[in-house]
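Here is the structure we will look at, set down as structure tokens.
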Amino acid sequence: MTRRGPKGSEPLLRVEGLSKAFGGLQAVSDLSFHVREGEILGLIGPNGAGKTTAFHLITGMHKPDRGRIVFRGREITGWPPYRVVQAGIARTFQIPRPFPHKTIAQNVEIALLPNALFTLRGRRRDRWARVAACCTRAGLCQTVGHPPAAHTPNGRCECWHTYPGALPQAGLRKLEIAKALANDPHLLLLDEPFAGLTHREVEELSELVRELRAEGRTVVIVDHNMRGLMKLVERVVVIHFGHKLAEGTPEEVAENPAVQEAYLAGTLDRSSSSSSSSSTLKEGPSR
Amino acid sequence: MRVRRLSLRPRLGSALLLLFFALLAAMPYLLPRLFPEMETNPLLLRRWLDILVMANLLAVLAMSWDLLGGYTGQISFGHSFFFGLGAFTAAILSLTVDWSPWTVIGVGALAAAVGGVLIAAPALRLHGPYLSLMTLVAALAFDRFIRWLKPADRFDLGIPGAEGAILCSLKCFLTFDAVAKYYYALALLVGSFLVLWAIARSRIGLALEAIRDDEEAAQAAGINTAKFKTLAFSVSGFFAGLSGAFYVYHIGSASPSYVLNLERSVEAIATAVLGGMGTIVGPIFGAYFFKLFEELFRPLEALRYGVLFALALAVLLLVQGGLLSRALQRLRGRDLVAVPPSAPPPSPPPSEGLPQGTETQTGTEAVRR
Amino acid sequence: MGSVIEVLILGFLISSLYALIALGFTMIFGVAGVLNLAHGAFAMVGAYLALGALEWGWSLPAAALFAVVGMAFLAPLVYVLLIRPVEDRPIIVFLGTLLFAVVLEQIVGLFFGFNSRIVPPLVEGILTVGEVRIPVNRLAASAIALSIIGGLWLFVNRTRVGKAILALSMERRGAALVGIPTQRIILGVWAISGALAAIAGLFVGSFFGISPLEERLLLTIAFTIVILGGLGSIPGSLGAALIIGFSETVVQQFAPEARGLASLLLLMLVLTFRPQGLLGRAAA
């Protein structure tokens with residue numbers, strides 16, 4: 001198996017021989033990869049390659065047919081989602097899924113709710129302080145047009161009065177990240193965070209991801225093209241038809257013939273990484 | 001569990017609700033003043049107080065449905081199951097053990113809460129229509145079971161009634177004093193409302209709403225959805241059972257053709273929808289509207305229910321369905337954060353022309369078989 | 001021995017009728033994504049349309065035709081007026097169709113009363129085979145039900161429109177992209193579903209009699225069959241119709257006091273251990 005881990009040290013997350021079929025469709029088959037502590041890993045592949053399914057399997061939303069998932073030395077295969085979250089893995093959704101009838105602050109608060117029915121922890125006041133911190137951290141307070149919560153007297157910003165419906169696409173992505181941050185994850189799984197964003201928004205979000213990594217969080221980013229990821233990620237795992245196709249630095253992977261084949265020649269070409277000559281092809285519809 | 005300054009906040013809604021409860025508390029004194037015929041005819045007063053008792057019981061049932069359906073998004077078609085479970089437990093206990101009425105009613109409610117957990121166990125794996133069918137099937141199966149078991153005949157309990165009914169009127173009564181009974185029922189309403197409202201407004205309610213809006217996203221946010229759904233089922237079952245157990249002590253019998261009738265479930269849904277789903281407080285107004293409409297338009301016979309259900313349908317589509325609320329929200333701006341878009345319909349005060357008739361429902365009967 | 005043969009025959013006849021009820025219900029879910037809880041009410045209204053026409057002095061075939069055409073017209077109307085505006089809110093659709101069904105009960109009850117009525121049998125007479133006596137009407141009804149189911153199968157699988165319906169049931173947006181007139185087809189499916197419901201209602205009315213509140217029983221049967229067979233799966237529904245039809249007949253024959261209870265318990269077990277139904281795909 002692929003145990004080319006960093007000098008024998010146990011990786012943060014290890015996925016071994018993961019398989020999942022839906023009816024006759026083999027979405028993920030014998031997928032193995034690992035995530036090192038403190039890195040930003042790109043998980044890429046064409047649409048339908050099984051990236052999102054891999055996320056669903058890791059976070060416990062689907063049960064794998066076969067395979068093991070080991071996180072920080074503990075096997076978490078088949079755990080219910082809330083336990084995976086408690087163990088320190090949080091995710092965002094490809095299509096942002098806010099709770100539309102709740103304010104932005106409440107959306108984040110939901111991620112902070114303790115599961116115990118009776119507890120002294122998780123008083124509302126403490127929760128709100130955390131909500132304010134997460135909203136500020138993810139840049140939501142700026143997005144809704146007010147100074148960061150830290151500067152307002154009661155530590156709250158417009159997030160307390162604004163509903164997700166008022167947010168632009170980039171704001172919804174930030175909300176997804178704020179919700180994930182509320183669970184204080186070791187490992188953050190971002191599902192296509194850049195899809196449909198403008199170049200400037202991609203830059204802004206990339207900066208946020210770097211900051212989160214600097215805080216000591218490990219980040220896995222799924223995307224179907226490498227364009228936005230080239231400058232951000234240190235390592236790339238390419239998935240194709242549910243298999244791992246290639247692995248390595250962005251440069252290595254982009255030059256890999258098998259990868260180029262899979263992407264119908266040149267889509268991954270890093271020489272045009274920051275230009276936008278053919279970006280319309282890769283940046284899918286905003287939904 | 002911390003609740004934000006329960007109903008003490010000087011908000012218009014809370015003030016109106018307090019006023020409404022105060023009005024209800026004054027009813028036994030107000031009614032004879034407003035309608036002099038009641039002063040001369042105590043039976044008439046008694047009849048109207050009984051109607052209000054029934055409105056309170058319907059309100060508790062509908063609120064319990066609302067916690068599960070409106071708040072958690074688990075649409076139950078079988079609340080008659082919980083209502084009936086509470087009712088039959090209370091009826092049987094009242095005949096077999098020598099406990100105080102309140103203990104028996106409480107145990108009846110607890111039995112329904114256990115029933116809620118039992119339903120929740122398979123329901124956790126079920127979603128949407130599957131879940132609704134499960135609740136419906138539980139209610140139908142319990143109905144068939146009681147009709148087949150005929151507990152009164154088989155275990156020599158009280159006076160056997162038709163179709164497995166248990167008549168326990170000698171053992172299961174609270175008081176002969178109609179006014180006292182009215183206040184008991186009012187206390188039941190206010191108490192149930194406070195508990196359900198506190199749950200709904202607490203962090204638990206927020207988790208329930210998250211489950212309703214997007215169960216997967218709630219899981220991704222770290223919420224133990226199975227646990228909170230089970231909680232919602234058992235709390236909802238408890239209050240539905242409480243309503244059913246109190247009903248037995250109000251009427252003096254438990255009959256499958258009333259307490260296990262699907263009509264109870266449909267009424268609970270229509271009431272919750274009329275008053276506003278997902279508000280807890282709405283069903284109270286919905287219940288008073290329902291019962292008073294039913295009583296005041298008695299000459300219309302079955303047509304009343306047609307009108308009531310049609311009204312509920314209109315409220316559902318226009319208000320809950322968002323056709324109206326979208327427009328209203330645009331008008332109001334984004335301010336009223338916690339106030340749901342549905343305003344409870346005004347409950348018409350009892351007015352002149354009090355028709356006479358029996359207190360129980362006559363409109364519709366059990367589904368055949 | 002005679003009773004076994006009788007059970008087999010009656011079970012089959014009832015099953016074909018149940019299949020007819022469930023078919024329209026599952027079609028609407030498969031194609032339009034709507035779980036129409038007013039389906040039982042549609043069947044009931046269909047039967048009462050025929051009863052009404054008979055009261056005006058129409059002949060039985062004309063009344064039956066009126067009922068079928070009437071429901072084929074009313075069902076899409078209900079969809080357009082009530083369901084389409086809230087189509088994206090499943091809970092609202094769910095409760096809305098339920099409330100609409102009870103409103104229909106009351107409306108019909110207003111005109112016809114709440115007592116059970118019997119639709120006259122299409123064909124008179126009793127067929128005697130050995131010691132088994134079977135009303136010819138039931139045979140005719142079963143034959144009609146089966147030929148409708150067969151015809152529908154051919155229509156869906158062999159015609160262009162049918163294939164468009166299939167495509168729509170798989171992927172609505174995709175179907176719209178390749179130029180299938182989505183809305184028109186959905187309206188058509190509602191019309192077919194309404195017509196099927198009316199036919200089923202006519203037969204139920206002539207077998208057992210029908211009352212406005214009876215629709216809940218029909219709905220429960222359709223719901224049960226469709227869930228048992230797997231939502232949206234037509235072959236699953238046919239199989240489940242056989243299971244329910246036979247189990248009810250068997251219980252009716254040998255343990256009448258447990259009638260209804262048995263199939264309900266069976267359904268609870270299936271829901272608990274195989275919630276996607278016997279042949280179903282996962283719920284949407």
Side-chain angles (χ1 to χ4, degrees), chain B residues 69-70 73 75 77 121-123 125-134 136-145 147-148 212 262-263 265-266 269-270 272-273 277 300-318 320-323 363-369, chain C residues 29 35 37 81-83 85-86 88-110 113-114 116 208 211-217 219-220 223-224 226-227 231 257-265 267-269 271-273 275-277 282-284:
Chain B
I75 301 298
F77 286 163
R125 304 164 37 150
L126 303 177
H127 299 273
Y130 295 89
L131 175 93
S132 303
L133 183 66
M134 188 69 186
L136 175 70
V137 167
L140 290 174
F142 189 48
D143 178 54
R144 304 285 188 283
F145 176 70
R147 283 165 196 266
W148 168 80
R212 174 194 65 196
L262 281 188
E263 213 62 46
S265 309
V266 175
I269 295 172
V273 167
M277 258 162 60
L300 294 180
E301 296 179 20
L303 181 62
R304 294 170 294 168
Y305 299 102
V307 173
L308 276 170
F309 294 142
L311 272 177
L313 182 62
V315 169
L316 182 82
L317 295 177
L318 294 177
Q320 308 272 352
L323 301 184
T364 45
E365 357 165 74
V367 187
R368 209 167 58 116
R369 285 209 247 172
Chain C
F29 180 81
L35 206 60
L37 297 181
L81 293 182
L82 292 180
I83 299 171
V86 291
D88 53 336
R89 310 271 306 269
I91 290 182
I92 304 293
V93 172
F94 209 47
L95 291 178
T97 53
L98 176 80
L99 285 173
F100 184 64
V102 289
V103 170
L104 282 181
E105 284 171 10
Q106 302 297 332
I107 293 175
V108 171
L110 186 67
F114 286 91
S116 190
F208 313 110
S211 72
L213 295 176
E214 195 83 336
E215 66 97 355
R216 296 180 191 178
L217 181 69
L219 176 67
T220 310
F223 209 166
T224 305
V226 164
I227 295 275
L231 267 178
E257 71 276 10
R259 182 154 154 243
L261 196 57
S263 60
L264 289 172
L265 293 178
L267 181 62
M268 284 173 97
L269 286 176
L271 276 174
T272 307
F273 296 106
Q276 71 273 41

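Each chain gets a letter, A, B and so on, in the order the sequences are listed, and its residues count up from 1. Here the structure is a predicted model, which means the values were calculated and not measured. Atoms considered below: every heavy atom in the structure, side chains included; atoms not considered: hydrogens, waters and symmetry mates.
With a 4.5 angstrom heavy-atom cutoff, C:I107 does not touch chain B via any of its atoms. Heavy atoms of C:L98 lying under 4.5 Å from chain B belong exclusively to its side chain. Heavy-atom distances place the side chain of B:I269, and not its backbone, under 4.5 Å from chain C.
The line from CD1 of C:I91 to CD1 of B:I75 is 4.5 Å long, rounded to the nearest 0.5 Å. Taken from CG in B:L316 to CD1 in C:I92, the straight-line distance is 4.5 Å, to the nearest 0.5 Å. Rounded to the nearest 0.5 angstrom, C:E105 CD and B:Y305 OH are separated by 13.0 Å. Expressed to the nearest 0.5 Å, how far CG of C:L213 lies from CG of B:L262 amounts to 10.0 Å.
Under the side-chain hydrogen bond (donor to acceptor under 3.5 Å, both in side chains) criterion, B:S265 pairs with B:S80, sequence neighbours left out.
Taking every heavy atom of both residues into account, B:A141 and C:M268 meet most closely at CB-SD, 4.3 Å. Listed here is the closest heavy atom pair of B:G306 and C:V103: O-CG2, 4.1 Å. Residues C:V102 and B:V266 share a closest heavy-atom pair of CG1-CG1, 3.9 Å.
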**OP:** Might you work through the side chain to side chain contact (heavy atoms under 4.5 Å, CB included) test for C:Q106 and B:L308, ending with a clear yes or no?
**Re:** CA-CA 10 Å; C:Q106 302 297 332; B:L308 276 170; over 6 Å; no

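When each of C:L95, C:L110, C:T224 is scored by its heavy-atom pairs under 4.5 Å with chain B, the top score falls to C:L95. Considering only heavy-atom pairs separated by less than 4.5 Å from chain B, the leading option among C:T220, C:L37, C:L82 is C:L82.
Between C:F94 and B:F77, the distance separating the two ring centers is shorter than 6.0 angstrom.
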